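Data block below; observations after.
Chain letters run A, B, ... following the sequence lines, proteins first and then strands; every chain starts at 1. Values reported hereafter were calculated over all heavy atoms of this structure, with side chains retained and with hydrogens, waters and symmetry mates removed. Keep in mind it's a predicted model, so treat the numbers as computed, not measured.
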There are 2 protein chains.
Amino acid sequence: MRLTLQDYISIKIHQTDLHLTGYIKGKLEEFNLAPEQNLIMMLLWEKDGLTQNQISQKLQKDKTNIARMASNLEGKGFIYRSHCDNDRRAIRLYLTPNGKALGDKVIPIAEEFNDVVVKGITVKELVQFEKTLIKISKNVDCLLK
Amino acid sequence: MRLTLQDYISIKIHQTDLHLTGYIKGKLEEFNLAPEQNLIMMLLWEKDGLTQNQISQKLQKDKTNIARMASNLEGKGFIYRSHCDNDRRAIRLYLTPNGKALGDKVIPIAEEFNDVVVKGITVKELVQFEKTLIKISKNVDCLLK
DNA sequence: ATTTCATAGTTGGTGTAACAACTATTCATG
DNA sequence: CATGAATAGTTGTTACACCAACTATGAAAT
């Protein structure tokens, strides 16, 4: 029996992800911050001065994406980049005063966003959901070895 | 208490989606077919001659994306485009012999992909997972009104 | 110390997504 | 049937995601 597109769980996940991204994109628009750029900022608000490589690992993103997003954030005046003294290859990202100030406005929005997302979902349900997500991730990760 | 990035369910969904996309991308590479292009092909293998607008609705994608992907698929020789006789605005997509032949090879891979994704997950667990996904989608959809 | 390998980052290219502005056709209404 | 609204598609722009190929720097090994 042939599957229709709607039978593929991967497609449902993909479409949900697009909904989520679209939603948060709208929320962040007024701050001139794109969703993935915001993730870098979230890391820096937590710990300033991370290298691009550290950010790349934490966000599980390609280093090329981080480089371009960092360049973009620098252009917007939220961060500046400076070569690391110990290792001249590495570049550390530091918040500008503007970037620091932005956190006070954006962090509450991020937390409120999460509240909206999980509304009407019990803790138990969410935990089970995350378990299934992890199973799915692991099922396809085996390719990478 | 401040959330770390890993506490955001949306980020977990996003990263799982990226894993899935990366996996299927690898599987389809040898056929010169990108993941989202494949979705259009899946629809056409099911029912040939759909308009771009119909495809756009079925895939819940922006019409601009469909237009460009269709143009791409035409360039690869898998489909051809032809203005609809009843409505000169609309463009129908038709499989070429090459495109038809591709289905015999790719459809089994798509179904095998789904098998891999849901491996070790019970039907009950999957149903619950989908319910939660829908809840999450609905929670952010309210913005659109 | 020199060669070699590994690591951090950049650049170029392709493939999605989403939005705005545009053309061309069709429909709806007076 | 003429005008305006709606619809189908295209083009341009921005932001990711990923790959390959590149530079620069650092580390390891003989």
Side-chain angles (χ1 to χ4, degrees), chain A residues 10-11 14-29 31-41 50-76 81-93 143-144, chain B residues 11 14-29 31-41 50-57 59-76 81-93 143-144:
Chain A
S10 53
I11 290 179
H14 185 62
Q15 290 180 342
T16 302
D17 180 41
L18 290 180
H19 280 177
L20 290 166
T21 303
Y23 181 83
I24 192 64
K25 186 182 168 196
K27 288 282 186 188
L28 293 176
E29 215 152 39
F31 303 104
N32 189 24
L33 207 49
E36 305 296 327
Q37 290 167 15
N38 180 48
L39 297 185
I40 294 181
M41 296 302 287
L50 295 169
T51 66
Q52 293 190 179
N53 193 48
Q54 287 172 320
I55 289 172
S56 163
Q57 286 171 358
K58 279 177 196 283
L59 296 183
Q60 297 177 54
K61 281 184 198 301
D62 195 285
K63 56 188 176 161
T64 63
N65 299 325
I66 303 301
R68 277 187 262 246
M69 287 191 269
S71 162
N72 205 328
L73 286 169
E74 190 174 40
K76 290 178 179 178
R81 297 196 279 178
S82 148
H83 272 283
C84 179
D85 283 335
N86 309 354
D87 186 343
R88 303 292 304 155
R89 292 170 303 180
I91 291 185
R92 294 193 180 280
L93 307 188
L143 180 83
L144 306 176
Chain B
I11 290 180
H14 185 61
Q15 290 180 342
T16 302
D17 180 41
L18 291 180
H19 281 178
L20 290 166
T21 303
Y23 181 82
I24 193 64
K25 186 183 168 195
K27 289 281 186 188
L28 294 176
E29 215 153 39
F31 304 105
N32 189 24
L33 208 50
E36 304 297 325
Q37 290 167 13
N38 180 48
L39 297 185
I40 294 181
M41 296 304 287
L50 294 169
T51 67
Q52 294 190 179
N53 192 47
Q54 287 171 320
I55 288 172
S56 163
Q57 286 171 358
L59 297 183
Q60 296 177 54
K61 283 183 198 301
D62 195 285
K63 57 189 176 158
T64 61
N65 300 324
I66 302 301
R68 277 186 264 246
M69 287 191 271
S71 162
N72 204 327
L73 286 169
E74 190 174 40
K76 290 177 180 178
R81 297 195 280 178
S82 147
H83 271 283
C84 178
D85 283 336
N86 309 354
D87 186 343
R88 303 291 304 155
R89 292 170 304 181
I91 291 185
R92 294 194 181 280
L93 307 188
L143 180 84
L144 306 176

Distance check needed: D:dA8 P versus B:R92 CZ, whole Å only. 11 Å

Between residues 31-41 of chain A and DNA chain D, which residues have a heavy-atom gap below 4.0 Å? A:A34, A:P35, A:E36, A:Q37

N/O donor-acceptor pair, side chain B:R68 with base D:dG12, under 3.5 angstrom: yes

Counterpart residues, side chain to side chain donor-acceptor pair (under 3.5 Å), relative to A:Q52 (two or more places apart): A:R81

When we call it a touch if two heavy atoms are under 4.0 Å apart, what does A:R81 touch: a base, just sugar-phosphate, or nothing? sugar-phosphate

From CD1 of B:I11 across to P of D:dC16 the rounded distance in Å is 13 Å

Can you name the residues that form a side chain to side chain contact (heavy atoms under 4.5 Å, CB included) with B:T51, not counting sequence neighbours? B:N53, B:Q54, B:A90, B:R92

Are any of B:Q52's side-chain N or O atoms less than 4.0 Å away from OP1 or OP2 of D:dT10? yes

Those residues that, when tested against A:Q60, pass side chain to side chain donor-acceptor pair (under 3.5 Å) (two or more places apart): B:Q15

Expressed as a whole number of angstroms, how long is the span from B:I66:CD1 to D:dA8:P? 13 Å

Can you name the residues that form a side chain to side chain donor-acceptor pair (under 3.5 Å) with A:K58, not counting sequence neighbours? none

Between P of D:dG9 and CD1 of B:I55, the distance in whole Å: 9 Å

What's the CG-C1' distance between A:D62 and D:dA15, to the nearest Å? 15 Å

Under 4.0 Å, heavy atoms only, any strand: does B:L18 hit a base, just the sugar-phosphate, or nothing? sugar-phosphate

In this structure, how many angstroms lie between the C1' atom of C:dT14 and the CG atom of B:L28, rounded? 15 Å

Which of these nucleotides, C:dT10, D:dA17, D:dT10, is closest to any side-chain atom of B:H14? D:dA17

For the atom pair CG (B:N32) and CG (B:L73), what is the distance rounded to the nearest 0.5 Å? 9.5 Å

Taking only residues two or more places apart in sequence or in another chain, which ones pass salt bridge (charged side-chain N to carboxylate O under 4.0 Å, His left out) with B:R88? none

Short side-chain N/O contact from A:K61 to OP1 or OP2 of D:dA17, under 4.0 Å: yes

How many Å lie between CD1 on B:I91 and P on D:dT7, as a whole number? 18 Å

Among all residues two or more places apart in sequence or in another chain, which pass the side chain to side chain donor-acceptor pair (under 3.5 Å) test with B:D17? A:H14

How long is the line joining CG of B:D17 and C1' of D:dC18, in whole Å? 14 Å

Sorted by position of nearest nucleotide on DNA chain C, 5' first, the leading residue of B:N72 and A:Q57 is A:Q57

For residues 63-73 of chain A, which residue pairs qualify under side chain to side chain donor-acceptor pair (under 3.5 Å), counting only residues two or more places apart or in two chains? A:D62-A:T64

Would you give the length of the straight line joining atom CD1 of B:I66 to atom CD1 of B:I55, rounded to the nearest 0.5 angstrom? 6.5 Å

Nearest 0.5 Å, please: how far is CD1 in A:I24 from CD in A:E36? 10.5 Å

Base, backbone or nothing for each nucleotide of nucleotides 21-27 of chain C, written B, S, -, heavy atoms under 4.0 angstrom, 5' to 3'? ---BBS-

